Amino acid sequence: MGAKKKGKKKSSSNASRKGTKSDDGVTATAVRDDSGDGLSGGLEAPSLSSTPKQLNDVSSLLFDNNKGNLPFALPFIGPISLAERGASVDEEGSNAVSHGRGLIATRDVSLGECLFVIPSIVSADAVEVRRRYLQEGEGGGGDEADLEQITEDHLVETVQSLCEILEDEEIQPKENVDRARRLLGAFTAQMSSEELPIRENSHDEWMDILLANESSSPTDNKDSAKLDKETILNIIRRNAFGPDYHNYANIEECWTTKVNTETCYNRLLGVYPLSAMINHSCSPNAVRVFGRIPSPNSKTEPSEIDNFQGREVMIVHANAHIPKGTEITWAYLPPSTPFAARREMLRSRFRFTCQCTRCIKEEAALNMAEYKELWALADGYWSLRDVNINDEGASTSIRLVPSIEKIFSSTKQIPNESQRYLRVGYSGLYMEFINLGLSLENDESISQTLQMATQLHFSFVSCNNASTEHLSILHLCYDLSTLLRTRAMKGSSPDDTARTMAQVRFWTEQIKKAHMVRYGDLGEDVENVREAMKHSKLVLRNIEGW
């Protein structure tokens, strides 16, 4: 369910006073949170006269209700700054960056506050990729058609086209050359810290480079014009951001069963160098979503480079309170991945061992000798989740979930915090158990299912608040509470009616809060919040349950 992100070696990202041309051909001015360090130029609405210190409403990037009217400039950079491991980030000389380069908060950040909104520097054109995919699969997306590979190949070609502009610099318009140099400078700046170390007192400069806002970049020596396909592909695989909510298999199914392109998923793979600076934590404090820059009212045709960048944007909000000087993190893997699998995947894909609070506490609990057999069974279920027949998986969950909960309720050896982390790690097992409960009709079973889902909700709040998995659970809890209320209203007990009505109100507030963390407060507009809730429910619900 989690957004799929292509790998990168390390886990971590502001911009220029020069201003660059936007997709709309509008020259932008600087956008910054004055409490942070120097920031960047970018895309801007023509009528903008001032820039907000905080961005409270990103609905124009999420919904089709503001065509041609973007009420703020892009990129928007909030209270963040680029830092590197080993450098002091405050007057006490403390350092928050776990390794390599990273982003830190320049002031205390509130829950749900926007950290940054940035356009991609290059992105895969979903319409063109879909055409190639269907063509290679002879109209049906057969075995020969690999959507992920086709998407990567298309993005590599896009980067190569930028390289060709630099190779033909003498015959290209100066604006195209400067812009291609900035975009490629940002692209290559995603290399590891060892390959491109940050120079002392140059964080502002590197922010500018990462957002493609500084023409004097590491590519002035034309090295970027010589990028080979393998290097480009490696950078993409380590740093690009893939589909949100869905995976490539979901998109393949959509594209081979729906005729109308507009009804199909329109976002595949994009490169966001600033975002690639964010380090990993299994208990992150930031969450990302994707939006689209509204289509301009102007009839001016976009340039070739405009098409390379596309119109997609990444929107990042704080999903926890972040004290000043704290590193900004997010999870490279779905939070529902158990500890042992997370550790192995992070080592093999990203070449580091996570030592976040969640990992440390889970490892301590999992190493208790008296419970190792149970955790081994739970890990075995997770590793075989894709091949388990439904009945077999349900049978496993019926046995394991109550056993886990019995341990949690009967021992003080596993602290509550560790219990919550473990529930999140084994939430796939829990959801199998919950979906089974949905098939039963009696009120008692529904109430017990809601109680179990409530435990999961509070567990996700503690370490992966407003993640896609968390939203699934919240939608489930809301649906179960409304079902119980409907049944209570048909009965004769006023107490049951009042109790279930209170449950509905509680879950309405919880699901609203989570969406206003993930998407920001959306201008505190109830209709915008409802629209976000409707969207997430549509994409997260499936025929087999949540």
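Fair warning: this is a prediction, and the values are worked out from it, not measured in the lab. Each residue takes its place number in the sequence, starting with 1.
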J.: Walk me through it: do W382 and Y430 pass the test ring-ring contact (aromatic ring centres under 6.0 Å, His included)?
T.: CA-CA 11 Å; W382 189 87; Y430 275 75; over 10 Å; no
J.: Minimum heavy-atom separation for C356 to S283, with atom names?
T.: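 Closest approach of C356 to S283, heavy atoms only: SG-N, 4.3 Å.
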J.: Just checking, any donor-acceptor pair under 3.5 angstrom between side chains of D57 and S59?
T.: yes
J.: Can you find a pair of side-chain heavy atoms, one from M431 and one from L476, that are under 4.5 Å apart?
T.: yes
J.: In Å, rounded to the nearest 0.5 Å, how long is the span from CG of L268 to CG of D125?
T.: 9.0 Å
J.: If we ignore hydrogens and angles and just use 3.5 Å, is the side chain of S447 paired with the main-chain N or O of D443 as donor and acceptor?
T.: yes
J.: Could you measure the distance from the CZ atom of F76 to the SG atom of C114? Nearest 0.5 Å is fine.
T.: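 So the CZ of F76 and the SG of C114 are separated by 5.5 Å.
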J.: When rounded to the nearest 0.5 angstrom, what distance separates CD1 in I121 from CG in L210?
T.: 9.0 Å
J.: To the nearest 0.5 Å, what is the distance between CD (Q448) and CG (L480)?
T.: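 Going from the CD atom of Q448 to the CG atom of L480 covers 12.0 Å.
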J.: Does one side chain, of E469 or N464, offer a donor that lies under 3.5 Å from an acceptor on the other?
T.: no
J.: Look at the side chain of S409 and the backbone N and O of E405, then say whether any donor-acceptor pair between them is shorter than 3.5 Å.
T.: yes
J.: As a quick check of understanding, evaluate side-chain contact (heavy atoms from CB on, under 4.5 Å) for Q455 and R423, giving each step before the final call.
T.: CA-CA 8 Å; Q455 293 273 34; R423 282 194 191 98; 3.8 Å; yes
J.: Under the 3.5 angstrom rule, does the side chain of T326 hit a backbone N or O of I322 as a donor-acceptor pair?
T.: no
J.: Could you tell me which non-hydrogen atom of P294 sits nearest to which non-hydrogen atom of S60, and how far apart they are?
T.: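 Distance-wise, the nearest heavy atoms are CG-O, 3.5 Å.
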J.: Looking at every non-hydrogen atom in both residues, tell me the closest pair between A331 and H280 and how far apart they are.
T.: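 Taking every non-hydrogen atom into account, CA-ND1, 3.6 Å.
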J.: E113 side chain to S110 main-chain N or O, any donor-acceptor pair under 3.5 Å?
T.: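 Flag set: sc E113 to bb S110 pair under 3.5 Å.
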J.: Taking all non-hydrogen atoms of both residues, which atom of I511 and which atom of M533 are closest, and how far apart?
T.: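 Shortest heavy-atom contact: CG2-CE, 3.4 Å.
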J.: Is the shortest side-chain heavy-atom distance between L522 and E527 below 4.5 Å?
T.: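 No, side chains not in contact.
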J.: Tell me if the CD atom of E370 is crowded by more than 12 foreign heavy atoms within 6.0 Å.
T.: yes
J.: Between E327 and N285, what is the shortest heavy-atom contact and its length?
T.: O-ND2, 2.9 Å
J.: More than 12 heavy atoms of other residues, nucleotides or ligands under 6.0 Å from CE of M368: is that the case?
T.: yes
J.: Any side-chain heavy atom of R485 sitting closer than 4.5 Å to one from R499?
T.: no
J.: Please test L111 against N465 for side-chain contact (heavy atoms from CB on, under 4.5 Å), starting from the C-alpha separation and ending with a verdict.
T.: CA-CA 10 Å; L111 177 69; N465 191 17; 3.8 Å; yes
J.: Could you check whether any side-chain heavy atom of F290 comes within less than 4.5 Å of a side-chain heavy atom of L61, counting everything from C-beta outward?
T.: no
J.: Is E509 atom CD crowded by more than 12 heavy atoms from other residues, nucleotides or ligands, each under 6.0 Å away?
T.: yes
J.: Taking the inter-plane angle between the rings of F408 and W375 on a 0 to 90° scale, is it parallel (under 30°), tilted (30 to 60°) or perpendicular (over 60°)?
T.: tilted
J.: Would you call the rings of W330 and F241 parallel, tilted or perpendicular, where under 30° means parallel and over 60° means perpendicular?
T.: perpendicular
J.: Atom CD of residue position Q413 - does it have more than 12 heavy atoms of other residues, nucleotides or ligands inside 6.0 Å?
T.: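 More than 12 heavy atoms, drawn from other residues, nucleotides or ligands, come within 6.0 Å of this atom.
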J.: Are the aromatic rings of H475 and H515 close, with centres under 6.0 Å apart?
T.: yes
J.: Over all heavy atoms of both residues, which pair between I118 and L211 is shortest? Give the atoms and the distance, please.
T.: CG2-CD2, 3.5 Å
J.: Taking only residues two or more places apart in sequence, or in another chain, which ones meet R267 in a salt bridge (Lys or Arg N to Asp or Glu O under 4.0 Å)?
T.: E312
J.: Going through the distances and angles, do Y478 and T508 end up as a side-chain contact (heavy atoms from CB on, under 4.5 Å)?
T.: CA-CA 7 Å; Y478 176 80; T508 300; 3.2 Å; yes
J.: Taking the basic N atoms (NZ, or NE/NH1/NH2) and the acidic carboxylate oxygens, is any pair closer than 4.0 Å for E344 and R347?
T.: no
J.: With a 4.5 Å cut-off on side-chain heavy atoms, are R343 and E363 touching?
T.: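 Result yes, sub-4.5 Å side-chain heavy-atom pair found.
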J.: Would a distance-only check, ignoring hydrogens and angles, find a side-chain to backbone donor-acceptor pair under 3.5 Å from S123 to S120?
T.: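 Pair absent, no side-chain N/O of S123 close to backbone of S120.
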J.: Roughly how far apart are Y421 OH and S459 OG, rounded to 0.5 Å?
T.: 10.5 Å
J.: Looking at E252 and R130, is any side-chain nitrogen of the basic one under 4.0 Å from a carboxylate oxygen of the acidic one?
T.: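 Not counted as a salt bridge, because no side-chain N and carboxylate O are separated by less than 4.0 Å.
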J.: Enter the distance from L103:CG to I80:CD1 here, rounded to the nearest 0.5 Å.
T.: 4.5 Å
J.: Side chains of W507 and L450: does their closest heavy-atom pair fall under 4.5 Å?
T.: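 Touching, per the 4.5 Å side-chain cut-off.
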J.: Do V424 and R358 have side chains that get closer than 4.5 Å, going by heavy atoms?
T.: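 In contact.
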J.: Answer yes or no: is there a donor N or O on one side and an acceptor on the other, between the side chain of R518 and the main chain of A466, under 3.5 Å?
T.: yes
J.: Check the side chains of H457 and Q510 for a donor-acceptor pair under 3.5 angstrom, ignoring hydrogens and angles.
T.: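 Side chains of Q510 and H457: pair found under 3.5 Å.
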J.: Do K537 and L471 have side chains that get closer than 4.5 Å, going by heavy atoms?
T.: no
J.: As a quick check of understanding, evaluate side-chain contact (heavy atoms from CB on, under 4.5 Å) for I104 and L82, giving each step before the final call.
T.: CA-CA 6 Å; I104 58 168; L82 186 65; over 6 Å; no
J.: Is there a donor-acceptor contact under 3.5 Å from the side chain of N250 to the main chain of N247?
T.: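 Confirmed, N250 side chain pairs with N247 backbone.
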J.: Count the heavy atoms of every other residue, nucleotide or ligand shown that sit under 6.0 Å from CZ of F339, and state whether that count exceeds 12.
T.: yes
J.: Is R342 reaching over with its side chain to a backbone N or O of T337, donor-acceptor style, under 3.5 angstrom?
T.: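 Indeed, once roles are kept as given, a pair shorter than 3.5 Å links the two residues.
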J.: When you compare the side chains of D146 and Y133, does any donor N or O come within less than 3.5 Å of an acceptor on the partner?
T.: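 No donor-acceptor contact under 3.5 Å links the two side chains.
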